[in-house]
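Remember, predicted model here, so these are calculated numbers, not experimental data.
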Amino acid sequence: IYDKMENMIDEYQIMKSPYLYGGDNLLVYCENSNVLKYGYVDSKSYYNLQTKCYIDDYLSKSFADQESEVGNWLTFTEYGDDVKKITNSFYFEKLGHMHGLNTDGTCGVVAIQIMLGYYDTFSNDNIIDEKYDHISKSTANNIYDFTYSPGSQNDFHNELIRFASSKNISDNGVGMNVNQCKDITREYLNNRNIKYDCKWIEGNWHDSTHNVACNHIREAIDANRPIFVGGAGHATVAYAYDSKYVYVHSGWGDVRRTPWETYNNDFWDFFAGTFTIDIVSIFEQYHSDNYYSTTLHNYLCPCGLKLSEQRVHPSDYGFAEAYYPNPVQKNIKVGALSFSTNRLRCGYIEEESINISSRRDNAGLAYIEYEFNNNIRKITAELSLWSNSERLYTSDSTLKIEYYNQATGKWIQYLDLLKDINISKDRKNKDQICINLPNNCRKIRFISTSLASGDRNKGRLAIGDLNVIYI
């Protein structure tokens, strides 16, 4: 769909023609809000299926291009003999539909999502929020034998559109140009506090002369990097090439290939120019838990590291049903996971949850600290307030999750449960809080301060199950 007034492509795809006299290809051409549908009869005759007449040479040239491979994304069964692929090409080959839906011309958003998903798995698992991850599970004991790659959910596609709108980059993610795609990528990584290096090539009308974009595609793939490529009205992620084709994940649930000439703008001189976006490096590595082996009962990081998982129930602590006014230490082992706890005004209450309670006469402080024998990758905690009347106010109380930085010897705030979220007040329906910890972290705590007032235990945080992923 070409918007002649705006001089841009809103969407482009090849499909079977629904018209009796149409051929295999259908071009939808929009001009002044009138939609004209054209199909071709044979290689030399082009016909307007609405006005029952032959079309002009301008559109005939477009159909001649479509009739060839140029500007099309073609399915294939094997690579060329001289193909050059990135090492992790299997990720794209097995990704399938593990990405967002291309709705109304959001192919740029889908391509950004696919590229970020790749780096979330192979470089830093903090790039995409865990709630948007798609975890790939298999009986295989190495990631190369998994049937599907992890990818991310359609909700992440929608989140990128919302993010772009909040940054005034794009209202709806439709038909985005190079600057919009580049800005979404960079702003999103910045927002996630990811340190990275990025390079891009802005398309122009004469790229066929100096082949800057094509050279950038080769440069990235030669360096083992997938690369975002926009051209001929569609955005994809390229991961391989040979002398004739560029191989991409199409954003339509499969891998395809297109001739190098697709990115030669002389063939599509009324389209926007070819452009590329290349995440050159992610500076901080963070182990991924996007592959899970049901045979090994381990998460498999592509670096070769195996991550174990242990669920800790409130009954596993062996705590008494009391809020002790003095610090108490206890060593605990659950399965293969060993850790020690140091707690103040913390107990196992009504055989239901581990509670801390800071608001009472002669109190004002409550916490439970965990120190694990292993480095912790992630903890998913079931959390809520004990009731809807805990008298925890932002004006006189705090309730936080913190982790310990071994290098600085300081506790670092991870989440303010009173200010950053609207924590559940229903202990039967606790929030699932995902705590992604930095590398080499072994200590976390839940801590609360409040006014030391009242003759009842208040300011209570209820801690349910902890799901711990550790190295």
Side-chain angles (χ1 to χ4, degrees), residues 120 124-133 155-156 159 162-163 166 188-194 284 286-287 289 311-312 314 339 341-346 353-359 365-372 375-388 390-427 429-450 458-470:
D120 184 76
N124 189 322
D125 201 15
N126 285 325
I127 291 176
I128 297 177
D129 193 301
E130 298 285 320
K131 65 184 177 183
Y132 299 126
D133 280 343
D155 284 347
F156 182 51
E159 173 60 24
R162 287 192 292 269
F163 179 81
S166 72
Y188 176 81
L189 290 172
N190 290 338
N191 187 66
R192 296 291 294 173
N193 295 316
I194 302 298
E284 184 178 7
Y286 192 70
H287 295 299
D289 62 353
R311 199 164 189 88
V312 181
F339 59 95
T341 60
N342 181 33
R343 69 190 192 275
L344 175 68
R345 290 193 50 78
C346 173
S353 61
I354 302 298
N355 284 11
I356 61 173
S357 172
S358 59
R359 195 175 190 105
L365 174 67
Y367 59 80
I368 178 169
E369 298 176 355
Y370 299 78
E371 182 169 6
F372 296 89
N375 290 334
I376 304 302
R377 162 64 179 79
K378 177 175 69 175
I379 296 176
T380 303
E382 296 179 348
L383 301 177
S384 72
L385 299 184
W386 180 254
S387 73
N388 61 5
E390 290 304 317
R391 300 171 62 192
L392 286 171
Y393 312 114
T394 55
S395 60
D396 62 16
S397 306
T398 64
L399 183 61
K400 299 178 180 181
I401 302 173
E402 298 179 334
Y403 65 89
Y404 188 73
N405 186 312
Q406 187 66 41
T408 63
K410 295 180 180 180
W411 288 97
I412 307 297
Q413 178 178 304
Y414 181 85
L415 187 68
D416 189 320
L417 296 172
L418 296 183
K419 295 181 179 179
D420 295 341
I421 66 170
N422 183 21
I423 189 170
S424 172
K425 298 176 178 62
D426 179 2
R427 66 179 187 264
N429 292 284
K430 292 180 170 64
D431 292 324
Q432 301 281 330
I433 305 297
C434 183
I435 308 166
N436 286 305
L437 296 167
N439 291 326
N440 305 315
C441 182
R442 296 192 176 195
K443 295 174 67 175
I444 72 159
R445 70 181 179 185
F446 303 98
I447 184 168
S448 175
T449 62
S450 188
K458 287 293 183 178
R460 291 167 292 184
L461 173 70
I463 304 168
D465 286 359
L466 301 181
N467 195 64
V468 182
I469 297 177
Y470 62 97

> Taking atom types as modelled and ignoring hydrogens, do the side chains of Ser357 and Arg345 form a donor-acceptor contact shorter than 3.5 angstrom?
Replying inline: yes

> Glu130 and Arg377: salt bridge (charged side-chain N to carboxylate O under 4.0 Å, His left out), yes or no, with the steps?
Replying inline: CA-CA 12 Å; Glu130 298 285 320; Arg377 162 64 179 79; 3.3 Å; yes

>> Taking side-chain contact (heavy atoms from CB on, under 4.5 Å) as the criterion, tell me which of Leu399, Thr398, Leu365 meets it with Ile447.
In response: Leu365

> Residues two or more places apart in sequence or in another chain: which of them pass salt bridge (Lys or Arg N to Asp or Glu O under 4.0 Å) with Glu369?
Replying inline: Arg445

>> For Tyr403 and Tyr414, take the angle between the two ring planes, folded into 0 to 90°, and tell me which bin it lands in: parallel under 30, tilted 30 to 60, perpendicular over 60.
In response: perpendicular

>> By the definition side-chain contact (heavy atoms from CB on, under 4.5 Å), identify the one residue from Ile435, Ile444, Ile376 that meets it with Val468.
In response: Ile376

> For the atom pair CG (Asn439) and CG (Asn375), what is the distance rounded to the nearest 0.5 Å?
Replying inline: 8.0 Å

> CG of Asn436 to CG of Asn126: how many Å apart, nearest 0.5 Å?
Replying inline: 5.0 Å

> Say you draw a straight line from OG of Ser448 to CD1 of Ile368; how long is it, rounded to the nearest 0.5 Å?
Replying inline: 13.5 Å

> Between Phe339 and Phe372, what is the ring plane arrangement, given parallel below 30°, perpendicular above 60°, and tilted in between?
Replying inline: tilted

>> For Cys434 and Asp129: C-alpha separation, side-chain torsions, deciding distance, then whether side-chain contact (heavy atoms from CB on, under 4.5 Å) applies.
In response: CA-CA 9 Å; Cys434 183; Asp129 193 301; 5.9 Å; no

>> Keeping Ser424 on the side-chain end and Asn429 on the backbone end, is there a donor-acceptor pair under 3.5 Å?
In response: yes

> Taking everything shown except Gln432 itself, do over 12 heavy atoms lie less than 6.0 Å from its CD?
Replying inline: yes

> So how far is it from Lys131 NZ to Thr380 OG1, rounded to the nearest 0.5 Å?
Replying inline: 13.0 Å

> More than 12 foreign heavy atoms under 6.0 Å from CD of Glu284: is that the case here?
Replying inline: no

